[in-house]
Protein chains: 2
Amino acid sequence: MKKDIIFDVIKNSPNSLTAEEIYNDVSQNINVNLSTVYRTLNNLVEKDLVTKVVRQDKIAYYELANNEHKHYLICDNCNNAYSTDMCDLDKIARKIKKETGFNITSHTLEFHGICPECLKNVK
Amino acid sequence: MKKDIIFDVIKNSPNSLTAEEIYNDVSQNINVNLSTVYRTLNNLVEKDLVTKVVRQDKIAYYELANNEHKHYLICDNCNNAYSTDMCDLDKIARKIKKETGFNITSHTLEFHGICPECLKNVK
DNA sequence: AAAAATACGCAAATCATTTGCGAGTACATT
DNA sequence: AATGTACTCGCAAATGATTTGCGTATTTTT
């Protein structure tokens, strides 16, 4: 079924994708409806197979729910997202937990700025 | 004009507000239209007087564009947002800048979990 | 006070995402 | 194979936060 194909697209993508991007990709091979893509994505997120992150542009991005935690550097100029695995947030999370009693289970982090490529072109 | 009243609401709020919350607040005193609130907010954001942050719930939250950097602990149970000023991200940002050349200008960080209050009630 | 610029209300538009419904398909049980 | 039950999908309409066009008021500038 189409769920597998949609999941494959996510699995094979090095970066996170929007529902529309997934839809376009899948549509090249088979017929699907956008709502099917959304339904499937929600399904995969529920099953913890896929992670959904809403960015400042208000669009949801989906990626493989992998163990290794990633964050994005989003260029305000070209709007590309570069991922980084640098994240010392667990330390901060522990500190917050200790000082506030808040039981933190997850976090999202988004950096904004200008990527090296754009920096070159702007100058 | 209404811009001042809207700005006052934001100034006097200890936490970030949605457009609707601001609208409700302002409406208690004067007549305004929701679109006026939105227009004014965009205006204030443009002038760097107000900061807009889109959260995972896809709703934009507005707060005074203040110098002191805050992040939110959002309870997945009661949906309240607790703010914290703990943020060692500048260190991480510098590291990323050095290693990737990405010129980071801002970031958003959102912690999710269960707040102490809800923890008590759930148990 | 007239002209030019803003502010505002109202209704309609937008856009990502969701949902109701009805039809198609798969799988299990007899 | 036949029946039942549960998904899977497509399609069109609905949602909900936010934006926009437009005409009218109100302010600011001259």
Side-chain angles (χ1 to χ4, degrees), chain A residues 1-11 13 15-63 65 72 74 76 79-81 108 110, chain B residues 1-11 13 15-63 65 72 74 76 79-81 108 110:
Chain A
M1 50 220 44
K2 315 207 170 178
K3 181 193 288 191
D4 298 318
I5 302 179
I6 289 171
F7 193 27
D8 275 344
V9 170
I10 296 176
K11 275 186 203 155
S13 171
N15 41 32
S16 54
L17 302 167
T18 65
E20 209 185 341
E21 288 170 335
I22 294 167
Y23 169 73
N24 287 335
D25 192 324
V26 173
S27 291
Q28 291 191 321
N29 305 314
I30 59 165
N31 256 48
V32 276
N33 192 280
L34 228 200
S35 64
T36 300
V37 173
Y38 276 110
R39 254 191 290 244
T40 303
L41 287 172
N42 286 339
N43 217 298
L44 292 169
V45 169
E46 250 177 43
K47 290 181 182 154
D48 280 325
L49 295 172
V50 164
T51 300
K52 169 186 179 180
V53 176
V54 173
R55 298 230 270 256
Q56 294 301 306
D57 56 11
K58 282 210 172 180
I59 295 175
Y61 290 76
Y62 301 87
E63 66 180 18
Y72 292 91
I74 297 153
D76 290 330
N79 207 35
N80 273 22
T108 62
E110 192 175 311
Chain B
M1 51 221 40
K2 316 205 170 178
K3 180 192 289 189
D4 298 318
I5 302 177
I6 290 171
F7 193 27
D8 275 344
V9 170
I10 296 176
K11 274 186 204 155
S13 171
N15 40 32
S16 53
L17 302 167
T18 64
E20 209 184 341
E21 288 169 336
I22 294 167
Y23 169 73
N24 288 334
D25 191 325
V26 172
S27 291
Q28 291 191 321
N29 305 316
I30 60 166
N31 257 49
V32 276
N33 193 280
L34 229 199
S35 64
T36 300
V37 173
Y38 276 110
R39 255 191 290 243
T40 304
L41 287 172
N42 287 339
N43 217 298
L44 292 169
V45 169
E46 249 178 43
K47 290 180 182 155
D48 281 324
L49 297 171
V50 164
T51 301
K52 169 186 180 182
V53 176
V54 173
R55 297 229 270 257
Q56 293 301 306
D57 57 11
K58 281 209 171 182
I59 295 175
Y61 290 77
Y62 300 86
E63 66 181 16
Y72 292 90
I74 297 153
D76 290 330
N79 206 36
N80 272 23
T108 63
E110 193 174 310

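The shown structure was predicted, so the numbers you read here are calculated from the model rather than taken from an experiment. Numbered from 1 within each chain, the chains take letters A, B, ... in sequence-line order.
Evaluation of the side-chain contact (heavy atoms from CB on, under 4.5 Å) rule for Asn24(B) yields Glu20(B) as partners, not counting sequence neighbours. Every residue was checked against the side chain to side chain donor-acceptor pair (under 3.5 Å) condition with Asp8(A), not counting sequence neighbours, and none meets it. Every side chain to side chain donor-acceptor pair (under 3.5 Å) that Ser13(B) has, sequence neighbours left out, goes to Asn15(B). Residues forming a side-chain contact (heavy atoms from CB on, under 4.5 Å) with Glu110(B) (at least two apart in sequence, or on another chain): Thr108(A), Arg55(B), Gln56(B), Ile74(B), His112(B). With sequence neighbours excluded, no residue forms a salt bridge (Lys or Arg N to Asp or Glu O under 4.0 Å) with Lys52(B). Checked against salt bridge (Lys or Arg N to Asp or Glu O under 4.0 Å), Lys3(A) has no partners two or more places apart in sequence or in another chain.
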Show me the donor-acceptor pairs within less than 3.5 Å that the side chains of residues 28-36 of chain A make with the rest of the protein, sequence neighbours left out.
unit_1   : atom_1 : unit_2   : atom_2 : d
Asn33(A) : OD1    : Ser35(A) : N      : 3.0
Asn33(A) : OD1    : Ser35(A) : OG     : 2.9

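For DNA chain D, the span of nucleotides reached by chain A at under 4.0 Å from its heavy atoms goes, 5' to 3', from dC9(D) to dT18(D).
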All N/O pairs under 3.5 Å across the protein-nucleotides 13-16 of chain C interface:
unit_1  : atom_1 : unit_2   : atom_2 : d
dA16(C) : O3'    : Lys58(B) : NZ     : 3.2

Please list, for nucleotides 7-9 of chain C, all pairs of protein and nucleotide N/O atoms separated by less than 3.5 Å.
unit_1 : atom_1 : unit_2   : atom_2 : d
dC8(C) : OP1    : Lys2(B)  : N      : 2.7
dG9(C) : OP1    : Lys2(B)  : NZ     : 2.6
dG9(C) : OP1    : Asn31(B) : O      : 3.1
dG9(C) : OP2    : Asn33(B) : N      : 3.0
dG9(C) : OP2    : Thr36(B) : OG1    : 2.2
dG9(C) : N7     : Arg39(B) : NH2    : 3.2
dG9(C) : O6     : Arg39(B) : NH2    : 3.0

Next item on the list: Tell me, with the steps shown, if Leu49(A) and Ile10(A) meet side chain to side chain contact (heavy atoms under 4.5 Å, CB included).
Entry: CA-CA 10 Å; Leu49(A) 295 172; Ile10(A) 296 176; over 6 Å; no

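Across all their heavy atoms, Tyr62(A) and Thr18(A) have their closest contact at CD1-C, 4.4 Å.
Between Val50(B) and Phe7(B), the closest side-chain pair of non-hydrogen atoms falls below 4.5 Å.
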